[in-house]
J.: 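What follows is a single structure, and I will ask about it in a moment.
Both backbone and side-chain heavy atoms feed into the values below; hydrogens, waters and symmetry mates do not. The first residue in the sequence is number 1, and the count goes up from there.
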Amino acid sequence: MSLTQFHFSSDQADAYDTATQLLKSAGVDLDNDLLVPPKDSKKSVMALVGKAGSGKTLLLGKLYEALSEVGVDIILGDYEGKRRRDKRSLAILAPTNKAASVLRMRGVPATTIHRILYTPVYDPEYEKIAEWLAGSSDKPTVEGLTEEALRRAYIFFQAHKSMAGAMATAGLRGSDFITGWKRREEPLDIAFLDEASMLDDLQFEDLQQIFSTLILFGDPAQLAPVNQSGTMVFDGMKPAQIVKLNRVHRQSEDNPILDLAHTLADPELGFEDFEAQIRDIAANDERIVWAQRVEADLMARSPALVWRNATRIRLINAFRSVYGAPENELMPGEPLICDGIELPLKHRKKRLDLEARGLTKGAQVVYLGAGRRTGFSRLHVVGVEEPQISAASIIKIERPDEEEPFIPYAANMGAAFLHGAAVTIHKAQGSQWDTVQVFAPDLFAAARMGRSEAGQPLWKRLAYVAITRAQSRLLWVVRNRLSKPTDALNTEDLKMITPSNLALDKEPD
């Protein structure tokens, strides 16, 4: 396979070669388009690390394309057909729904770690459609589905490699074709894991048990998982297992957001000097904004990023107040963050169903309204293929200087939520938004405290993570103020793509 067509920088080409050698030793020879049946006993792990803009996602995407071209099966989180023992397979994973959705928007069929641990059980009638879309059987005849519906499903799957999305374009809901979920019983083959800096030791061990070949893609400059005492899984790996990328290549040119992030590596840089750089760039580049206030309009879909929990709670309450939200209920359009599933062990099946549909800890959700049953809420889960669900909910609104949160809606048990108009920078890892607001007074407080993590000032790690969440525009907020919204909260931006919006220009086989 020729690398010249990819226009890799030298360090990216070296990393690609190292990854292909690892895959070749595992029986996947990309140079000669040769696949050898997997050997169950052999385990291989590699970490490909680099800072923002170093090309990690580019390499992941090119490796996925190469494996797909030589006939490696792609494991989807929402469907898994019968596998032959001599076939090679690849799963592309991310720690969160949002991180997986970022990859999917770039054409990489990613799913979450949780979704790979559990496999869906399909209704036999609708499984015929899934087998056909996956290319393992002929086109079926299914009662209640027209030829046009099947055609829409085929076109969608060819473009997006999402079984749930394809089924939705045919007019089916997840509850129509998925009857339940079961714990994975058999190991898998190859996995690529993006945003691996968020991985903790326990998850790492689980993945090594499931996959024989594991390649991690991560940024060592980010914040370590909360329960890891400032360390990442890379730190326990042998030097020979780690490939480092440098930043200098064309993909990162002319990006003031990445430029700011990389200046933080200067050990002589102080907080005041860093803010002076931001102010200078903002004077000449509209992608960086020296902001005098937090913009309420943005908080509805892109949370303000803070360090201190007290700041988060104050901003959330200010957000609700400026939108005129009543104290005793939520308004449609208010953002939420899933805080976990509160269900006893005997309801394990229901827990699996909620988590499989995207309600894992840290998931971003938008409140759509009260459900038909008491304690239920209609929700839009950000970053999943079938986002609109109804679930038993425990919604908590924290208030300044009060130990106990206010609970406007509460089922006896179900999915628990916190408000999501502002989140801590730790919780923002793995996510990206087009425009990001960083609450700078919190980072100044971290700088004044002089705290360090893994040998680097904590404020620099916080600033690096917060800045690199922004895809196109960064607002560096320097004052403790909140703007008035320009419009009322609504959910119009969450309308799902309907089959009529799809380009129906291909015919199924």
J.: So Phe192 and Phe217, would you call those rings parallel, tilted or perpendicular, with 30° and 60° as cut-offs?
T.: perpendicular
J.: Kindly indicate whether the side chain of Thr111, heavy atoms from C-beta on, has any atom under 4.5 Å from the side chain of Leu93.
T.: yes
J.: Just verifying a value: how many Å separate Leu260 CG and Tyr464 OH, rounded to the nearest 0.5 Å?
T.: 12.5 Å
J.: With Arg320, which residues qualify under salt bridge (charged side-chain N to carboxylate O under 4.0 Å, His left out), at least two apart?
T.: Glu334
J.: Keeping the roles fixed (side chain from Arg461, backbone from Pro457), state whether a donor-acceptor pair exists under 3.5 Å.
T.: no
J.: Could I get the full list of side chain to side chain contact (heavy atoms under 4.5 Å, CB included) partners for Ala466, not counting sequence neighbours?
T.: Leu305, Ile425, Val438
J.: Could you tell me which non-hydrogen atom of Tyr323 sits nearest to which non-hydrogen atom of Ala296, and how far apart they are?
T.: OH-O, 3.6 Å
J.: Of all the heavy-atom pairs spanning Leu354 and Ala415, show the shortest one and how long it is.
T.: CD1-N, 4.5 Å
J.: I would like to know whether Glu453 and Leu223 meet side chain to side chain contact (heavy atoms under 4.5 Å, CB included); could you show each step before the answer?
T.: CA-CA 8 Å; Glu453 182 178 293; Leu223 294 159; 3.8 Å; yes
J.: Would you say Ser321's side chain and Ala318's backbone share a donor-acceptor pair under 3.5 angstrom?
T.: no
J.: In chain order, what residues pass the side chain to side chain donor-acceptor pair (under 3.5 Å) check against Glu143, with sequence neighbours excluded?
T.: none
J.: Roughly how far, to the nearest 0.5 Å, is the OG atom of Ser302 from the CG atom of Asp434?
T.: 8.5 Å
J.: Are side-chain heavy atoms of Asn97 and Thr112 found at a separation under 4.5 Å?
T.: yes
J.: Start with the C-alpha gap between Phe417 and Leu330, add the side-chain angles, then the distance that decides, and say whether side chain to side chain contact (heavy atoms under 4.5 Å, CB included) holds.
T.: CA-CA 12 Å; Phe417 299 94; Leu330 289 180; over 6 Å; no
J.: Measure the spacing between CG of Leu103 and CG of Leu60 and express it to the nearest 0.5 Å.
T.: 6.0 Å
J.: Can you tell me how far CG of Leu359 sits from CD1 of Ile389, rounded to the nearest 0.5 angstrom?
T.: 4.0 Å
J.: Examine the side chains of Thr96 and Glu195 and answer whether a donor and an acceptor come within less than 3.5 Å of each other.
T.: no
J.: Report the residues that fulfil ring-ring contact (aromatic ring centres under 6.0 Å, His included) with Tyr367, sequence neighbours left out, ordered by chain and then residue number.
T.: Tyr409
J.: Would you call Lys51 and Asp219 a salt bridge, using N to O less than 4.0 angstrom?
T.: no
J.: Rounded at 0.5 Å granularity, tell me how far CD1 in Ile155 sits from CG in Leu133.
T.: 11.5 Å
J.: If you define the side chain from C-beta out and look only at heavy atoms, does anything of Val49 sit under 4.5 Å from Pro220?
T.: yes
J.: Please report the shortest heavy-atom distance between Pro140 and Leu150, naming the atom on each side.
T.: O-CD1, 3.7 Å
J.: Given side chain to side chain contact (heavy atoms under 4.5 Å, CB included), test Leu59 with Leu48 step by step and report yes or no.
T.: CA-CA 9 Å; Leu59 282 166; Leu48 198 157; 3.9 Å; yes
J.: Just do the salt bridge (Lys or Arg N to Asp or Glu O under 4.0 Å) check on Asp339 and Lys361 with the steps written out, would you?
T.: CA-CA 5 Å; Asp339 198 37; Lys361 192 175 179 68; 3.0 Å; yes
J.: Could you pull out all residues at least two apart from Trp307 that satisfy side chain to side chain donor-acceptor pair (under 3.5 Å)?
T.: none
J.: Nearest 0.5 Å, what's the CD1-OG1 distance between Ile316 and Thr311?
T.: 11.0 Å
J.: Closer than 3.5 angstrom, by distance alone: can the side chain of Glu205 be matched with the main-chain N or O of Leu202 as a donor-acceptor pair?
T.: no
J.: Would you check if Leu474 and Arg287 make a side-chain contact, meaning some heavy-atom pair closer than 4.5 Å?
T.: no
J.: By the salt bridge (Lys or Arg N to Asp or Glu O under 4.0 Å) test, which pairs, at least two apart or in different chains, include something from residues 387-402?
T.: Arg312-Glu398, Glu327-Arg399, Glu342-Lys396
J.: Applying side chain to side chain contact (heavy atoms under 4.5 Å, CB included), name anything that partners Thr146, two or more places apart in sequence or on another chain.
T.: Glu148, Ala149
J.: Using 30° and 60° as the class boundaries, would you call the ring planes of Phe274 and Trp459 parallel, tilted or perpendicular?
T.: tilted
J.: Has Gln292 got a side-chain atom pairing as donor or acceptor with Val477's backbone, closer than 3.5 angstrom?
T.: no
J.: Show your reasoning for whether side-chain hydrogen bond (donor to acceptor under 3.5 Å, both in side chains) applies to Ser431 and Gln364.
T.: CA-CA 10 Å; Ser431 295; Gln364 299 167 44; 3.0 Å; yes
J.: Considering all heavy atoms of both residues, which atom of Pro485 and which atom of Val322 are nearest to each other, and what is their separation?
T.: CD-CG2, 3.5 Å
J.: Does a side-chain heavy-atom distance below 4.5 Å link Leu90 with Ile75?
T.: no
J.: Do we see a donor-acceptor contact under 3.5 Å between the side chains of Asp123 and Thr179?
T.: no
J.: Using the test side chain to side chain donor-acceptor pair (under 3.5 Å), find all partners of Asp176 that sit at least two apart in sequence or belong to another chain.
T.: none
J.: Between Ile288 and Pro256, is there a side-chain heavy-atom distance shorter than 4.5 Å?
T.: yes
J.: Have Glu275 and Trp476 got a donor and an acceptor in their side chains that come within less than 3.5 Å?
T.: yes
J.: Are the side chains of His380 and Val365 in touch, meaning some heavy atoms are under 4.5 Å apart?
T.: no
J.: Scan residues 124-134 for pairs that pass salt bridge (Lys or Arg N to Asp or Glu O under 4.0 Å), counting only residues two or more places apart or in two chains.
T.: Glu125-Lys128
J.: Measure the shortest side-chain to side-chain distance between Thr231 and Asp201 over non-hydrogen atoms and say whether it is less than 4.5 angstrom.
T.: no
J.: I'd like to check the side chain to side chain contact (heavy atoms under 4.5 Å, CB included) partners of Pro400; sequence neighbours left out, ordered by chain and number.
T.: Ile313, Arg314, Asn317
J.: Who pairs with Ala94 by side chain to side chain contact (heavy atoms under 4.5 Å, CB included), at least two apart in sequence or on another chain?
T.: Ala99, Ala100
J.: Apply side chain to side chain contact (heavy atoms under 4.5 Å, CB included) to residues Ile341 and Thr360 and explain how you reach the verdict.
T.: CA-CA 7 Å; Ile341 308 296; Thr360 53; over 6 Å; no
J.: Please find the pair of heavy atoms, one from Pro303 and one from Gly420, that lie closest to each other, and give the distance.
T.: CB-O, 3.3 Å
J.: For Phe234, give me all partners under ring-ring contact (aromatic ring centres under 6.0 Å, His included), at least two apart in sequence or on another chain.
T.: none
